[in-house]
Amino acid sequence: MDLLTELLLAVNETLTAGNALTAVSLLLFNLTRNLNNRVAKAGAAVLACVTVAYVADAFISLEPERAAHEIASRLQWVGIAFVPATLAHLSDALLATTGLPSRGRRLRALRLLYFVGAGFLLAAAFSDSLFRFVLAGDELSIVAAPLFALYLLYFGLASGFAFYNVQRARKRCLTRASASRMAYLQIAFLTPALGIFPYSVLLNPGDEFSLFGLLLINTANIVIILMLLFLSYPLYFFGSDIPDRLVKKQLLDFLLRGPATGLIALAVVNFTAQATRILSLRGDNFTAPAVVGAVLLWQWFVSLALPYIEKLFIYRDEDGEQISKLQTLGDRVLTNSDLSQLIAATTESICDYLRIDRAFVISFERAQPEFISKVGSLGFDESQLLKETQLLEHSGEAQLAEPLHWRDYALIALHSNRVGSEGTQALPIGVLGVRNSSDELAEEVASGHLRAFIRRVETTLDDMRLQSEMYNLMEGLLPQFQMTRSRALQLEYRQAIHALPSHRALPERDELFEQVRAALRHYWGGSGITQSNLVKLKVVQSRIRQGDQTPVNALRKLLEDSISELRPQGERKMMSPEWTLYNILQLRFLENRKVREVARRLSMSEADLYRKQRVAIQAVTDLILQQERQQ
């Protein structure tokens with residue numbers, strides 16, 4: 001019996017610390033989400049109360065001195081006193097999402113509950129009117145005092161009021177999904193209050209340390225951990241602007257890698273202390289490697305099992321196939337920097353193979369040819385060569401059988417592996433230049449020994465061109481998606497008449513900024529301007545009616561006029577700070593110049609240019625938003 005009691009005490013310490021760890025983790029996860037939403041803020045308040053109570057309880061389980069024990073017990077009432085009020089606050093926020101905001105009565109009731117909770121906190125902190133401390137053998141226990149009966153009344157009324165509000169909210173849900181989430185909330189809604197309720201004051205002194213008491217407390221702790229996790233699942237959907245699938249994925253990944261890892265580490269620490277007594281080993285010698293091994297094994301298990309867990313609980317049917325394709329795309333796609341490094345490595349391999357010290361690769365991906373890779377000092381004017389290779393790009397010849405000699409370099413035409421628009425002629429995509437004026441190189445090309453390197457450069461340039469097309473398409477289309485999770489919420493719950501969005505509601509500033517940025521980047525053509533939702537703005541529609549313009553031209557003229565409004569008075573100056581925003585917009589978008597060239601002309605780094613470019617686009621966005629308000 002003593003061994004079983006000692007084991008249950010170790011389990012109790014682990015679960016108590018696990019409750020604290022779970023509450024802290026869920027609170028931190030909540031704080032990183034949309035706290036502008038009322039439900040999210042009220043949920044954070046509930047988790048804060050639970051966190052304070054369980055952290056103090058975990059400290060008490062470490063068996064501190066009597067003075068510290070009493071301070072921690074009183075500190076627990078920061079959570080115990082306010083958790084009924086915060087639950088009522090959360091229930092009111094949930095009811096408001098269904099289109100039934102408070103008309104004053106619920107708000108006054110909430111203020112009264114918080115005021116009463118503050119009174120109980122003061123009573124617990126500075127008096128023994130709520131509970132008092134007694135000794136039960138060597139252990140310190142608490143027993144109820146006369147004022148505790150009033151707390152029971154406050155606890156019951158506040159919890160009942162909160163549960164009733166959630167019931168009303170569940171009945172007002174329109175869709176099956178929203179009703180299911182509200183039902184999940186209702187099942188676990190009172191868990192925080194029931195979990196931190198001070199049951200020990202209702203027991204005889206010392207009963208909480210008996211075998212029956214420990215079994216009861218451990219069972220309750222396990223249920224509380226599970227119910228806290230169950231409560232967090234539907235709660236994080238409110239105010240989220242990402243799909244349900246991503247909410248589930250983020251929460252699952254966070255729980256497995258965060259609280260679960262910490263709980264395993266705590267369990268190993270507590271139970272290895274018991275094992276060291278059995279094995280006659282020093283605890284500090286055995287615990288550290290045991291914890292490290294358990295954490296590593298758990299992370300290894302999560303890495304292997306997480307895809308299957310996600311497929312079981314999150315991705316199903318055709319959704320799983322779509323997500324699999326998107327993940328495969330993410331694994332295959334490389335950035336331009338990655339591809340440039342691959343071309344550079346291939347160019348160096350060519351130099352090693354031919355035993356030369358100079359080589360370069362020129363790409364025709366952009367409007368003007370540019371160097372992608374250079375090995376060694378080339379020793380010539382690069383701009384002159386770019387002009388001559390442009391003739392090679394537009395010559396329309398078939399693939400060259402022999403290299404073209406230019407100075408002491410041999411130029412090898414690079415062609416796309418994809419079929420050209422004519423169906424037979426491959427598209428020229430670049431030039432490989434190697435320092436070799438002899439005829440040996442022609443033999444290498446003819447014999448095919450160098451063909452593997454050339455094919456690798458062609459394939460990489462091909463991928464770079466194809467992925468640039470994909471990036472441009474995504475950059476133009478992503479800002480045009482209008483249906484987000486936050487807007488979908490408006491369809492799932494009954495909204496009051498005055499809460500319905502107005503037909504003339506202005507677009508959100510962040511959403512408008514993304515659309516303006518896409519339109520500017522595709523100013524001279526692309527989906528960012530040809531399929532932009534900005535043409536729906538009244539200011540654009542007005543220009544279409546007045547000037548008999550096409551939607552794209554009207555939008556292009558609006559952007560040009562907005563940029564002109566940022567132009568300072570007087571003669572244009574490239575280095576003047578007051579001209580910076582205008583110059584960036586004019587050079588980058590209206591004149592379609594490259595980032596490197598604009599940064600050089602304005603004497604700033606590329607990173608600084610990107611930061612100021614964002615500020616400039618925000619200024620254009622604000623001007624358009626101001627004009628839209630005036631329509």
Side-chain angles (χ1 to χ4, degrees), residues 1-29 47 50-69 71-73 75-76 79 138-140 195-196 200 208-211 213-229 232 251-306:
M1 293 297 294
D2 292 340
L3 181 60
L4 181 59
T5 301
E6 192 171 353
L7 178 62
L8 289 176
L9 281 173
V11 172
N12 180 51
E13 291 179 8
T14 303
L15 293 178
T16 301
N19 278 328
L21 177 64
T22 303
V24 171
S25 301
L26 293 177
L27 176 61
L28 294 176
F29 187 77
L47 289 174
V50 176
T51 298
V52 172
Y54 274 124
V55 168
D57 200 23
F59 176 78
I60 292 173
S61 67
L62 299 178
E63 300 180 356
E65 296 182 355
R66 177 170 179 174
H69 189 144
I71 293 174
S73 298
L75 183 62
Q76 273 189 303
D138 296 332
E139 304 291 343
L140 189 65
I196 66 175
S200 58
E208 64 269 28
F209 306 109
S210 65
L211 181 60
L214 288 173
L215 284 172
L216 183 63
I217 292 173
N218 288 335
T219 303
N221 281 333
I222 294 174
V223 172
I224 290 166
I225 291 178
L226 296 177
M227 295 303 282
L228 279 177
L229 300 177
S232 65
L251 184 59
L252 178 63
D253 188 72
F254 175 78
L255 292 176
L256 290 178
R257 297 191 183 279
T261 304
L263 188 59
I264 289 174
L266 285 172
V268 172
V269 170
N270 286 335
F271 286 97
T272 50
Q274 307 297 328
T276 52
R277 297 175 190 173
I278 298 174
L279 300 175
S280 300
L281 299 174
R282 289 182 55 188
D284 53 353
N285 289 339
F286 187 67
T287 300
V291 170
V292 172
V295 170
L296 288 177
L297 287 175
W298 173 251
Q299 293 298 322
W300 172 74
F301 169 76
V302 170
S303 299
L304 294 179
L306 189 58

Indicate the atoms forming the closest heavy-atom contact of [X] with [Y], along with that distance.
{"X": "Phe254", "Y": "Ser25", "result": "CZ-O, 3.2 Å"}
{"X": "Ser73", "Y": "Ile60", "result": "OG-CD1, 3.5 Å"}
{"X": "Val52", "Y": "Gly79", "result": "CG1-N, 4.2 Å"}
{"X": "Trp298", "Y": "Leu256", "result": "NE1-O, 2.9 Å"}

*Only one of Leu251, Val24, Leu47 passes side chain to side chain contact (heavy atoms under 4.5 Å, CB included) with Phe29; say which it is.*
Leu251
*Can you name the residues that form a side-chain contact (heavy atoms from CB on, under 4.5 Å) with Ala53, not counting sequence neighbours?*
Ile196
*For the residue pair Leu255 and Leu26, establish whether any side-chain heavy-atom pair is separated by less than 4.5 Å.*
yes
*State, with a plain yes or no, whether a side-chain heavy atom of Leu252 is found less than 4.5 Å away from one of Leu306.*
yes
*Please test Thr261 against Val295 for side chain to side chain contact (heavy atoms under 4.5 Å, CB included), starting from the C-alpha separation and ending with a verdict.*
CA-CA 6 Å; Thr261 304; Val295 170; 3.9 Å; yes
